[in-house]
Amino acid sequence: MFKAADLFDLGQTEHAALFEGCEFAWEALEKISAYLEANLRPGLKNRCEGEAFIGEKVFIGEGTVVEDGAMIKGPAIIGRNCEIRHNAYLRENVIVGDDCVVGNSSEIKNAILFNRSVAPHFNYVGDSILGYKAHLGAGVKISNCKLVAGNIMVDWEGKPLDTGLRKFGALIGDLGEIGCNAVLNPGSIIGRNSVIYPNTNWRGILPANMIVKNKAAQEVIVMRVRESAS
């Protein structure tokens, strides 16, 4: 469940080398900075619609559109045929695959997005990996840091396992679907083809092919008629 091959199709990224030698998939997060330093060759093959800020240490592939108001600080590698939409904010150490969407007011930091993954509206993706065709609904937030000091822990065979990371958001496996306004707490691991319903506050490990339903009770009552002011 924690190995890269358990969660991701490594053929759906040009950067599979990041996972070489990793016992656990989250170990790739600490390698992003060095990987970019060694492999990034800045170049802009994209098309801009309006004005965007693009840093010096950025590569963007052919067919990608960067819309007005976007900021790509770099270091970053962005693939082909992506949409970097209005007011998207890509911070340091970002790797985006082909045919991805980073949308309005979405913020990406120290993250890997496999091909065709989507963070389209008001999303935060920090210290995380989105698998092939992973999709975040509007307003999904991936929390990457605990409120109290200490490394992020994950549950492994009923015992806490220290990831060694102070900041670690989530691993979302291929085809994972996260509903609108859900929150993934630090160290969340979502298996392939699993779904989390909207407005869910999720913590922990979700195996492949599962659905998390949010069944918060709702009450419907008759509206009391109020007298209008005279």
Side-chain angles (χ1 to χ4, degrees), residues 1-9 12 24-26 29 85 88 100-109 111-148 150-163 165-226:
M1 182 69 188
F2 297 160
K3 296 183 182 299
D6 295 335
L7 294 161
F8 311 119
D9 178 353
Q12 291 294 338
F24 304 117
W26 60 73
L29 295 170
R85 294 176 178 167
C100 293
V101 176
V102 180
N104 176 41
S105 299
S106 289
E107 179 179 345
I108 314 291
K109 171 254 180 185
I112 304 166
L113 277 62
F114 277 63
N115 297 341
R116 302 185 70 180
S117 59
V118 180
H121 317 282
F122 300 94
N123 304 125
Y124 178 70
V125 182
D127 302 281
S128 298
I129 304 174
L130 305 188
Y132 172 64
K133 283 191 174 181
H135 177 267
L136 306 183
V140 169
K141 302 297 187 291
I142 301 178
S143 177
N144 63 336
C145 187
K146 298 194 303 182
L147 291 176
V148 296
N151 291 342
I152 307 298
M153 313 291 284
V154 298
D155 184 74
W156 188 35
E157 297 179 350
K159 297 180 181 179
L161 173 65
D162 188 347
T163 67
L165 300 176
R166 179 71 178 89
K167 292 188 176 182
F168 168 28
L171 308 177
I172 302 179
D174 297 341
L175 301 167
E177 290 276 353
I178 313 299
C180 294
N181 293 318
V183 174
L184 303 185
N185 285 280
S188 293
I189 299 178
I190 311 302
R192 280 189 168 113
N193 200 43
S194 283
V195 175
I196 293 181
Y197 270 27
N199 298 312
T200 300
N201 186 340
W202 175 260
R203 181 184 305 277
I205 314 303
L206 181 65
N209 303 307
M210 295 292 180
I211 297 177
V212 177
K213 294 187 175 182
N214 187 345
K215 293 188 175 181
Q218 295 179 325
E219 182 181 9
V220 180
I221 62 174
V222 176
M223 182 185 298
R224 293 194 303 177
V225 178
R226 299 176 180 174

* To do: Indicate yes or no for a side-chain donor-acceptor contact from Ser128 to the backbone of Gly126 under 3.5 Å, with no hydrogens or angles considered.
  => yes
* Could you grab the distance from atom CH2 of Trp202 to atom CD1 of Ile189, nearest 0.5 Å is fine? => 11.5 Å
* Check: Asp174 side chain, Asp9 main-chain N or O, donor-acceptor pair, under 3.5 Å -> yes
* If every non-hydrogen atom of Tyr197 is compared with every non-hydrogen atom of Ala182, which pair is closest and at what distance? -> O-CB, 4.2 Å
* Asked: Run the salt bridge (Lys or Arg N to Asp or Glu O under 4.0 Å) check on Asp127 and Lys109 step by step: do they pass?
  -> CA-CA 6 Å; Asp127 302 281; Lys109 171 254 180 185; 2.6 Å; yes
* To do: Would you please say whether a donor-acceptor pair under 3.5 Å links the side chains of Asn201 and Asn185?
  => yes
* **Ile152 backbone acceptor or donor facing Lys167 side chain under 3.5 Å** => no
* Given Tyr124 and Asn144, is the side chain to side chain contact (heavy atoms under 4.5 Å, CB included) satisfied, shown in steps? -> CA-CA 9 Å; Tyr124 178 70; Asn144 63 336; 3.4 Å; yes
* Nearest atoms (heavy-atom pairs only) where Gly137 meets Asn123 -> O-ND2, 2.9 Å
* Asked: When the ring centroid of Phe8 is compared with that of Tyr132, is the distance short of 6.0 Å?
  -> no
* Could you tell me which non-hydrogen atom of Pro120 sits nearest to which non-hydrogen atom of Ser106, and how far apart they are? => C-OG, 3.9 Å
* Measure up the Phe24 and Trp156 rings against each other and bin them: parallel (under 30°), tilted (30 to 60°), perpendicular (over 60°). => perpendicular
* Asked: So which heavy atom on Phe114 is nearest to which on Ser117, and how close?
  -> O-OG, 2.8 Å
* **Check against side chain to side chain contact (heavy atoms under 4.5 Å, CB included), Val102 and Leu113** => CA-CA 10 Å; Val102 180; Leu113 277 62; 4.2 Å; yes
* Asked: Are the side chain of Thr163 and the backbone of Leu165 linked by a donor-acceptor contact shorter than 3.5 Å?
  -> yes
* Backbone N or O of Phe122 within a donor-acceptor pair of the Ser105 side chain at under 3.5 Å? -> no
* Trace of the side chain to side chain contact (heavy atoms under 4.5 Å, CB included) decision for Ile196 with Leu206 -> CA-CA 9 Å; Ile196 293 181; Leu206 181 65; 4.0 Å; yes
* Looking at Val118, Leu171, Ile142, which one forms a side-chain contact (heavy atoms from CB on, under 4.5 Å) with Leu130? -> Ile142
* To do: Give, for atom CG of Asn199 and atom CG of Asn181, the distance between the pair rounded to the nearest 0.5 Å.
  => 5.5 Å
* Asked: Is there a side-chain contact between Phe2 and Leu7, using heavy atoms and a 4.5 Å cut-off?
  -> no
* Approximate separation, where rounding is to 0.5 Å, of Lys133 NZ and Asn193 CG -> 11.0 Å
* Between Pro160 and Met153, what is the shortest heavy-atom contact and its length? -> CB-CE, 3.9 Å
* Under 3.5 Å donor-acceptor, Ser194 side chain and Ile211 backbone -> no
* Structure fact -> Separation between CG (Asn115) and SG (Cys100), nearest 0.5 Å, reads 6.0 Å
* **Sidechain-backbone polar pair: Asp6 side chain, Ala4 backbone, donor-acceptor under 3.5 Å** => no
* **Leu184 side, atom CG; Ile172 side, atom CD1 - distance, nearest 0.5 Å** => 5.5 Å
* Which pair of non-hydrogen atoms, one from Ile108 and one from Ala119, has the smallest distance, and what is that distance? -> CD1-CB, 4.4 Å
* For Arg116, which residues count as a salt bridge (Lys or Arg N to Asp or Glu O under 4.0 Å) partner, sequence neighbours excluded? -> none
* Asked: Under 3.5 Å, is there a donor-acceptor pair linking the side chains of Asp162 and Asn151?
  -> yes
* Distance from Asp155 atom CG to Leu161 atom CG, nearest 0.5 Å? -> 9.0 Å
